[in-house]
Peer 1: 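Input: one structure, supplied below.
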Amino acid sequence: MASPPPSSRQDHVFQAPTGTRDFYPAELNRLRYIQDAWRRTSISHGFDEIDGPTFEHLDLYTVKSGEGIVSELFSFERFGGEKKFALRPEFTPTLARMYASKAGSLPKPTKWFWMQNCFRAERPQRGRLREFCQWNCDIIGDDSAAADVEVLACCIGMFQALGLRSTDVRVRVNDRGVVAGILEQSGVKAERVGEALSLLDRRAKIDAPEFAKIATAIGLDVKRYDGALAAYVDVAPSYKRLRDDLNSAGIGDWVAWDFGIVRGLAYYTGMVFEVHEASSAERAIAGGGRYDKLIEMFGGPPTPAVGFGMGDVVLSLVLQDKGLMPSDDEIAGRLGLRPDVFVISNGTPEADAAVVPTLAGLRREGLHARRSYKSSKNIGKLLGDATKARARFALIIESGTAGQIKDLDENTQVKIELAHVAELLRSEK
RNA sequence: GUGGCUGUAGCUCAGUUGGUUAGAGCACGAGAUUGUGAUUCUCGGGGUCGCGGGUUCGAGUCCCGUCAGCCACCCCA
């Protein structure tokens with residue numbers, strides 16, 4: 001049964017749902033600023049943008065993550081329908097599905113990126129919301145270490161584009177295959193390696209006695225494991241190879257090997273990485289790795305893949321922490337949102353009448369033209385409006401045919417025929 | 001799912017042991033000052049004090065509940 005409206009009077013205050021955000025112009029521009037860096041970086045690194053549905057069949061998500069995931073999803077069914085759906089909590093299942101269904105005709109490697117919103121039914125807290133924007137970059141069909149490095153290079157290239165330096169964030173890399181090998185040398189049977197990896201992932205969070213207790217139960221000799229790691233770091237071929245490749249890509253000083261990085265997900269098979277603010281000030285900025293079995297899990301041919309995901313929420317916090325989020329004016333400028341011209345009248349009847357046709361003419365020329373909606377004839381106040389609109393020029397109309405064009409950045413002003421304004425402005429763009 | 005803190009105008013806040021019609025600054029709008037991004041001045045719109053109960057002659061203020069926000073735990077694809 002549908003419930004009745006709250007009241008016939010308008011006494012109900014509508015609020016945005018928990019964990020969602022309203023983006024007013026300034027906030028949306030800040031998101032666009034980040035998305036702009038994501039998109040530019042992806043494209044310059046050779047990735048093609050893709051997109052899929054905002055919601056999928058529920059079982060697409062339970063295939064990979066199990067039934068336990070359902071409580072973290074926004075799921076629903078159509079009225080009278082039988083199928084269950086869920087808003088996407090991530091993009092990887094959709095990507096795997098999309099790749100699997102056209103695998104035969106796609107090039108190897110296929111390099112795709114994606115940046116849209118995701119939904120997770122979690123309790124919001126710092127750095128985590130119920131709706132957020134995520135950026136994914138994936139290389140599918142290439143099992144080489146070079147592909148791993150290419151993905152890392154794209155991620156790091158984005159940080160550079162936003163003004164972050166190698167001292168601001170730490171990219172910590174590990175290899176699950178290496179760790180699994182050492183675990184087996186340290187007494188863990190092959191079928192319990194997954195459990196052991198999960199334990200290692202939690203190592204920093206639980207206290208030493210509890211860690212030791214679980215380790216013993218799994219058969220892990222912690223002393224041997226730690227010793228083997230220490231010995232391994234200096235000689236590991238995968239480590240050296242990665243180091244060399246990162247150095248030749250010019251990003252060697254961004255990355256550090258860290259055996260503690262395992263990632264909670266079961267499906268990672270090789271290289272894994274996480275990015276944190278250098279002093280661990282926020283939660284993880286990004287994470288990713290190699291997932292060579294996932295495509296076949298979604299019905300495709302056996303296909304190696306490597307990629308990462310990054311959300312806008314933590315990244316924004318880190319940029320703010322570091323003072324790297326530009327001012328609203330600067331962002332508007334970089335996004336190309338500054339009006340080319342702000343049209344005002346000097347208050348005479350002929351000039352007033354010329355405002356609308358002048359605006360229309362400038363817009364027909366493809367220019368970004370704005371006006372004041374104030375009723376004041378005070379030129380100072382109208383110029384104040386032009387400044388607030390961040391306009392590049394102000395056009396003060398003085399008659400039906402002429403006026404003054406003022407460069408608001410340089411504070412210079414010249415007379416001009418209205419017929420020549422568009423030409424001048426185009427030459428200044 | 002569990003716990004802590006906080007809710008007064010769009011924003012930042014004031015509001016006396018509970019006592020008239022809830023205030024200020026900023027922002028927004030109108031106007032004055034003979035037409036240049038400033039300053040100053042005048043005026044204005046905007047709140048059922050998050051919401052709902054309770055105590056009281058009387059609640060923004062005290063009590064209970066609830067909702068929301070923030071933060072932490074769980075989890076983190």
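Per chain, numbering begins at 1; letters A, B, ... match sequence-line order.
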Peer 1: Using the C1' atom as the point on both nucleotides, what is the distance between A14(B) and A22(B), in whole Å?
Peer 2: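 Each nucleotide's C1' atom is 11 Å from the other's.
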
Peer 1: Go through it in stages, so that I can follow the logic: the residues are F74(A) and F55(A), the test is ring pair (Phe, Tyr, Trp, His ring centres under 6.0 Å), and I'd like the CA-CA distance, side-chain angles, deciding distance and then a yes or no.
Peer 2: CA-CA 9 Å; F74(A) 285 103; F55(A) 60 94; over 10 Å; no

Peer 1: E122(A) has an atom CD; how far is it from atom C1' of C73(B), in whole Å?
Peer 2: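 Distance check: E122(A) CD to C73(B) C1' gives 13 Å.
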
Peer 1: Is any NZ, NE, NH1 or NH2 atom of the basic residue among R338(A) and D340(A) found under 4.0 Å from an Asp or Glu carboxylate oxygen of the other?
Peer 2: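 No, no charged N to carboxylate O under 4.0 Å.
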
Peer 1: Just checking R165(A): does its CZ atom have more than 12 heavy atoms from other residues, nucleotides or ligands closer to it than 6.0 angstrom?
Peer 2: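 No, not enclosed.
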
Peer 1: Looking only at atom C1', what distance separates G44(B) and A9(B), rounded to whole Å?
Peer 2: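 So the two C1' atoms sit 14 Å from each other.
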
Peer 1: Sticking with atom P, work out how far G23(B) lies from C43(B), rounded to a whole angstrom.
Peer 2: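 These two P atoms come out 15 Å apart once rounded.
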
Peer 1: What integer number of Å spans the P atoms of G69(B) and U12(B)?
Peer 2: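 Comparing P positions in G69(B) and U12(B) gives a spacing of 16 Å.
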
Peer 1: Using 4.0 Å as the upper bound for N to carboxylate O, is an ion pair formed by D328(A) and R390(A)?
Peer 2: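 Here R390(A) does not pair with D328(A) in a salt bridge, since their nearest N and O are not under 4.0 Å apart.
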
Peer 1: Touch check for Y267(A), heavy atoms < 4.0 angstrom, all strands: base, sugar-phosphate only, or nothing?
Peer 2: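 Sugar-phosphate contact only.
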
Peer 1: Would L395(A) and I344(A) satisfy side chain to side chain contact (heavy atoms under 4.5 Å, CB included), going step by step from the backbone distance to the final call?
Peer 2: CA-CA 6 Å; L395(A) 173 64; I344(A) 62 186; over 6 Å; no

Peer 1: May I ask you to say whether K377(A) pairs ionically with D352(A), meaning some side-chain N is under 4.0 Å from a carboxylate O?
Peer 2: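 Salt bridge: yes.
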
Peer 1: Between C74(B) atom P and E72(A) atom CD, what is the distance in whole Å?
Peer 2: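 These atoms are roughly 13 Å apart.
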
Peer 1: Charged N to carboxylate O under 4.0 angstrom, E122(A) versus R128(A)?
Peer 2: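 Looking at R128(A) together with E122(A), the answer is yes, because their closest N to O distance falls below 4.0 Å.
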
Peer 1: How close or far is atom P of C73(B) from atom CZ of R202(A), stated in whole angstroms?
Peer 2: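 R202(A) atom CZ is separated from C73(B) atom P by 16 Å.
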
Peer 1: Between atom CG in D201(A) and atom C1' in C75(B), what is the gap in whole Å?
Peer 2: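 Rounding to the nearest Å, CG of D201(A) and C1' of C75(B) are 11 Å apart.
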
Peer 1: Mind listing the closest non-hydrogen atom pair of A278(A) and R170(A) along with its distance?
Peer 2: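 That closest heavy-atom pairing would be O-NH1, 3.3 Å.
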
Peer 1: Sugar-phosphate means primed atoms, P, OP1 and OP2; the rest is base. With that split, encode nucleotides 29-38 of chain B 5' to 3' as B, S or - using protein heavy atoms under 4.0 Å.
Peer 2: SSBBB-BBBS

Peer 1: Between the side-chain atoms of R120(A) and the base atoms of C76(B), is any donor-acceptor pair under 3.5 Å?
Peer 2: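 Check fails, no donor-acceptor contact within cut-off.
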
Peer 1: How are the rings of W254(A) and F159(A) set to each other: parallel, tilted or perpendicular (split at 30° and 60°)?
Peer 2: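 The arrangement is parallel - the two ring planes meet at less than 30°.
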
Peer 1: Let me see the working for L367(A) and K429(A) under side chain to side chain contact (heavy atoms under 4.5 Å, CB included), right down to the final yes or no.
Peer 2: CA-CA 10 Å; L367(A) 292 159; K429(A) 284 194 87 165; 4.0 Å; yes

Peer 1: Just how far, in rounded Å, is P of C76(B) from CD of Q134(A)?
Peer 2: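 These atoms are roughly 15 Å apart.
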
Peer 1: Would you measure the distance from the C1' atom in G7(B) across to the matching atom in G65(B) and give it in whole Å?
Peer 2: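 Roughly 16 Å separates the two C1' atoms.
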
Peer 1: Applying a 3.5 angstrom cut-off to the pairing atoms, does RNA chain B sit in any stems of at least three consecutive Watson-Crick or G-U pairs? List them by first number.
Peer 2: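 Output for stems: B:1-7 with B:67-73, B:10-13 with B:23-26, B:28-32 with B:40-44, B:50-54 with B:62-66.
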
Peer 1: Between I206(A) (CD1) and C73(B) (C1'), how many Å, whole number?
Peer 2: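 Checked: the CD1 to C1' distance equals 15 Å.
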
Peer 1: Can you tell me, in whole Å, how much space there is between the P of A24(B) and that of U33(B)?
Peer 2: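 Comparing P positions in A24(B) and U33(B) gives a spacing of 27 Å.
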
Peer 1: Could you write nucleotides 65-70 of chain B as a row of B, S and -, 5' to 3', where a protein heavy atom under 4.0 Å of any base atom gives B, of only sugar-phosphate atoms gives S, and otherwise -?
Peer 2: --SSS-

Peer 1: Please state the P separation for the pair G29(B) and C49(B) - nearest whole angstrom.
Peer 2: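 Per the computed distance, 27 Å lies between those P atoms.
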
Peer 1: CG of L95(A) to CG of D51(A): how many Å apart, nearest 0.5 Å?
Peer 2: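 Separation between the atoms: 11.5 Å.
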
Peer 1: When the C1' atoms of U21(B) and A72(B) are compared, how many Å lie between them, rounded to an integer?
Peer 2: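 The same atom, C1', in both gives a distance of 44 Å.
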
Peer 1: Salt-bridged, D312(A) to R21(A), with N to O below 4.0 Å?
Peer 2: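 The answer is yes: the pair qualifies as a salt bridge.
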
Peer 1: Measure NZ/K205(A) against P/C75(B) and give the value in whole Å, please.
Peer 2: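 Rounding to the nearest Å, NZ of K205(A) and P of C75(B) are 7 Å apart.
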
Peer 1: In whole Å, what is the span from the CD atom of E90(A) to the C1' atom of C75(B)?
Peer 2: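 After rounding, the reported distance stands at 14 Å.
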
Peer 1: Can you tell me how the ring of F308(A) sits relative to the ring of W135(A), calling it parallel under 30°, perpendicular over 60° and tilted otherwise?
Peer 2: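 Geometry flag for W135(A) against F308(A): perpendicular rings.
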
